[in-house]
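What follows is a set of notes on a single structure, which appears directly below.
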Amino acid sequence: MNIYVANVNFRAKEEELREVFARYGEVTSVKIMKDRETNRSRGFGFVEMPNQEQAAAAIQAINGQEFQQRKLIVKEALPPRP
DNA sequence: GCTGAGCGC
């Protein structure tokens, strides 16, 4: 299941974000999108979890949760670009 | 060192 996470602290690393989701289930991949030119974090990313139940539970639990002084916004990711 | 809407190559 693809998960979209926004309002992420710009200093957050992918492994740190992965640890947050790993508490609620198995995490296969974490991607934090950064600016292509300045290489600066955009403050949002994607997390992929194979287990649908754990993914749904993680979204419910982590959404609105504080992460590095920021309230995380976790939703189900939209379908990728066609 | 810089900032803050929101969907990725």
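Convention: sequence-line order gives letters A, B, ...; per-chain numbering from 1. These numbers were taken from a predicted model, which means no experiment stands behind them. Just the heavy atoms: all of them, side chains too, but no hydrogens, waters or symmetry mates, feed the values below.
In this structure, the CD1 atom of Ile32(A) is 15 Å from the C1' atom of dG4(B), given to the nearest Å. What separates CG of Asn2(A) from C1' of dC7(B) is a distance of 11 Å, to the nearest Å. Here the P atom of nucleotide dC7(B) and the CZ atom of Phe44(A) are 7 Å apart, to the nearest Å. Distance, Lys71(A) NZ to dG4(B) P: 20 Å, rounded to whole Å. For the pair Arg42(A) CZ and dG4(B) C1', the computed distance is 13 Å after rounding to whole Å. Separating the CG atom of Leu78(A) from the C1' atom of dG6(B) is a distance of 11 Å, rounded to the nearest angstrom.
Nucleic acid contact class of Val47(A) (heavy atoms, under 4.0 Å, all strands): none. Contacts of Glu48(A) with the nucleic acid, taken as non-hydrogen atoms under 4.0 Å apart, are absent.
Of the candidates dG6(B), dC7(B), dG4(B), dC7(B) carries the atom nearest the Ala77(A) side chain, counting heavy atoms from C-beta on. Taking the side chain of Met33(A) as heavy atoms from C-beta on, and the options dC9(B), dG4(B), dG6(B), the nearest nucleotide is dC9(B). Considering only side-chain atoms of Arg40(A), the nucleotide from dG6(B), dC2(B), dG4(B) that sits closest is dC2(B). Proximity note for Arg11(A) (side chain, C-beta onward) versus dC7(B), dC2(B), dC9(B): the nearest is dC2(B).
For dG4(B), the base is anti relative to its sugar; the glycosidic angle deviates from 0 by more than 90°.
Annotation: side chain of Phe67(A) is in contact with side chain of Val20(A) (closest heavy-atom distance under 4.5 Å).
Per the stacking criterion (ring centres < 5.5 Å, plane angle < 30°), Tyr4(A) stacks onto the base of dC7(B).
Gln54(A) places a side-chain N or O within donor-acceptor distance of the main-chain N or O of Glu26(A), the cut-off being under 3.5 Å. Side chain of Asn7(A) to main chain of Lys71(A): a donor-acceptor pair is present (N/O by atom type, distance under 3.5 Å, no hydrogens or angles). Side chain of Asn9(A) to main chain of Gln68(A): a donor-acceptor pair is present (N/O by atom type, distance under 3.5 Å, no hydrogens or angles).
For Glu37(A), there are no salt bridge (Lys or Arg N to Asp or Glu O under 4.0 Å) partners, not counting sequence neighbours.
Mapping Glu76(A) and Asn7(A) onto DNA chain B via the closest heavy atom, the residue that lands nearer the 5' end is Asn7(A).
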